[in-house]
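Note on naming: letters A, B, ... go to the chains in the order of the sequence lines (proteins, then strands), and numbering restarts at 1 for each one.
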There are 2 protein chains.
Amino acid sequence: MAERRKFRREGEERRRQDLIEATLDCVAEHGIEGATLRAIALRAGVTAGLIRHYFPGKEELLQAAYATIVERMTQQAFDFLDDGATTPRLRLAAFVAANLTLPIADAKVFSLWAGFIGRAHADPALSAVHREGYLGFRDQLEYLLAETFASANRPQNAGALRRHAIAVNAIIDGLWIEGCMAGDLFETGELAQIGIETVGRVLGIELEGAGA
Amino acid sequence: MAERRKFRREGEERRRQDLIEATLDCVAEHGIEGATLRAIALRAGVTAGLIRHYFPGKEELLQAAYATIVERMTQQAFDFLDDGATTPRLRLAAFVAANLTLPIADAKVFSLWAGFIGRAHADPALSAVHREGYLGFRDQLEYLLAETFASANRPQNAGALRRHAIAVNAIIDGLWIEGCMAGDLFETGELAQIGIETVGRVLGIELEGAGA
DNA sequence: CGGCTTGTTATGCAAGCGTATAAATACGGC
DNA sequence: GCCGTATTTATACGCTTGCATAACAAGCCG
């Protein structure tokens, strides 16, 4: 009667990552309130008590999960920039487009973002994670813009560059949200095209053509 | 001993509104998970059981609260447009600025928005409320843009107008989020100025000067 | 191959949740 | 002034949650 469940011992890092991944799945599917310790454990294939062996409490697990998704989003947005050494304006155009198409502009990713953002106001630790991600994103974007302006022989001073980064970041974020929340209202690739066109106009640099 | 609490009977509409307002306060302060029936009732100055007398369940109360805040935000954004019969481009500039300053660009309002957005994915009713608000906002914005283009002798066809509305909506939303989440990173009025400047460039219409 | 460590399961607990229901009281109509 | 009604309070129930702890076994070390 009541046979005890068989199990395997996993490496510490592996288990932690599995638990984080299970947490992200739960948040994405049923919102942050669907991410109970029992649901997370079930999805990770362990029992709930084990979580306390790897994280001091639920809060720390959520923070780790949020940090993971923030880093992943920033990573996905930028890592392809190293692909081809094309011109800065093509790289910028590709960057904008990448942020407005899969896998970044995805309902599941947005669900994660929204779930955590809602909690960030009540949890300073989550808020700090968000700010770090935001500033990191904007810094890298600023560098990308500096390259583009330089290639167009229109170097900008620090203040102008910062304001441009703020504006372009807003365009990307805003379109990203529109696409995630109401993707069915737009044709495939429409938001990416609008994004490239809009950013181009804001910078005064044509991004759409092949452009050297 | 154990005196029963005194109370006053309020009109139905008044009580419903009080409960909704208390719900919004709770969500704004401690996130949507802080909006328990007991906390809401405490803030509204009643006992928890009463809520069930005015709403079938907690879900319906949350939906009513979300509908209220969505309508309020849209209202605040547009009602001042009737103030002075100035030129369309001044009206547009004022509209952009209004969305990026108090009381719309406010941490509490954002906290509400974020709290509900996080739940919208799991609750189709909330999702519908959001979409209605979004489309309403965009429609009114589109009308504002049409006026502005007309006054500049550059009428746009329906498709171009729609794309412009999508882009401008994204700029406003994106800057709004930046301001709400990291307001301390910007000077007073800086985001409004960036917004006006950016929208002007996207439309190809100068919005900053007095401009007829 | 037997013991030790510790990753893992199993069980329990107190608190808080949304909901249901009965008792009480405020207040308008007579 | 009193009665009837329905708003409001009070209490309880069943469930779920995060957390604590004890029992157990997997796998390494000798």
Side-chain angles (χ1 to χ4, degrees), chain A residues 1-23 26-27 29-66 115 118-119 122-123 125-126, chain B residues 1-23 26-27 29-66 115 118-119 122-123 125-126:
Chain A
M1 61 289 263
E3 305 234 331
R4 201 180 177 88
R5 174 173 166 178
K6 304 295 182 197
F7 61 91
R8 274 184 43 214
R9 301 182 131 172
E10 296 283 355
E12 165 162 349
E13 213 43 52
R14 169 67 188 275
R15 270 275 192 260
R16 288 179 73 94
Q17 203 53 45
D18 281 354
L19 288 172
I20 287 176
E21 220 61 47
T23 304
C26 287
V27 174
E29 279 186 25
H30 305 103
I32 205 155
E33 61 195 352
T36 67
L37 290 182
R38 286 168 175 83
I40 293 168
L42 182 66
R43 189 175 279 261
V46 298
T47 52
L50 185 60
I51 295 178
R52 283 263 305 169
H53 210 261
Y54 289 100
F55 297 91
K58 186 187 181 183
E59 194 144 325
E60 287 81 2
L61 172 57
L62 285 178
Q63 288 163 15
Y66 186 47
R119 204 185 151 93
D123 183 346
L126 285 186
Chain B
M1 57 286 277
E3 305 235 332
R4 199 180 178 89
R5 173 173 166 177
K6 305 295 182 197
F7 60 91
R8 272 183 45 215
R9 302 179 125 167
E10 295 284 355
E12 165 161 351
E13 213 43 51
R14 169 66 188 275
R15 270 277 192 258
R16 290 178 71 93
Q17 205 53 45
D18 281 354
L19 288 173
I20 286 176
E21 220 60 48
T23 305
C26 287
V27 174
E29 278 187 25
H30 305 102
I32 204 156
E33 61 195 353
T36 69
L37 291 183
R38 286 168 174 84
I40 294 168
L42 182 66
R43 188 175 282 262
V46 298
T47 52
L50 185 60
I51 294 178
R52 284 263 304 168
H53 209 260
Y54 290 100
F55 296 92
K58 185 186 182 184
E59 194 144 324
E60 286 80 2
L61 172 57
L62 285 177
Q63 288 162 16
Y66 187 46
R119 204 187 152 94
D123 184 344
L126 285 185

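Side-chain N/O atoms of A:H53 include one lying less than 4.0 angstrom from OP1 or OP2 on C:dG7. Of the side-chain N and O atoms in B:T36, one or more sit less than 4.0 angstrom from OP1 or OP2 of C:dC17.
In this structure, the CG atom of B:L62 is 14 Å from the P atom of C:dC17, given to the nearest Å. C:dA10 atom P lies 17 Å from atom CG of A:L37, rounded to whole Å. The distance from atom CD of B:E10 to atom P of D:dT9 is 11 Å, rounded to the nearest whole Å. To the nearest angstrom, C1' of C:dG18 lies 12 Å from CD of B:E60. Following rounding to the nearest Å, A:L42 (CG) and D:dT16 (P) show an atom-to-atom distance of 14 Å. As rounded to whole Å, 17 Å separates atom P of D:dT16 from atom CD1 of A:I40. Look at NE2 on B:H30: it is 14 Å from P on C:dG16, rounded to the nearest Å.
A heavy atom lying under 4.0 Å from DNA chain D marks none of the residues of residues 12-23 of chain A.
A side-chain donor-acceptor contact under 3.5 Å links A:R16 to the backbone of A:Y54.
The minimum heavy-atom distance linking A:R119 with B:E33 is given by the pair NH1-OE2, 2.6 Å. Closest non-hydrogen pair, B:C26 versus B:G34, comes out as CB-O, 4.1 Å. Taking each heavy atom of A:V27 and A:A35 in turn, the nearest pair found is CG2-CB, 3.7 Å.
For the pair A:D18/A:E10, no side-chain contact is recorded, criterion being any heavy-atom separation below 4.5 Å from C-beta on. At least one side-chain heavy atom of A:I20 sits under 4.5 Å from a side-chain heavy atom of A:F55.
For A:R43, the side-chain hydrogen bond (donor to acceptor under 3.5 Å, both in side chains) partners two or more places apart in sequence, or in a different chain, are A:E29.
Ion pairing between B:K58 and B:E60 fails under the 4.0 Å rule for side-chain N and carboxylate O.
Residue side chain A:R38 reaches the base of D:dG18 through a donor-acceptor N/O pair under 3.5 Å, judged by distance alone.
The residue A:Y54 sits close only to the backbone: its heavy atoms come under 4.0 Å of sugar-phosphate atoms, none of a base. B:L50 comes within 4.0 angstrom of a base, heavy atoms only.
Separating the CG atom in B:L19 from the CG atom in B:L61 is a distance of 6.5 Å, to the nearest 0.5 Å.
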Under a 4.0 Å heavy-atom criterion, the protein footprint on nucleotides 20-30 of chain D, written with B, S and -, is S--BSBBS---

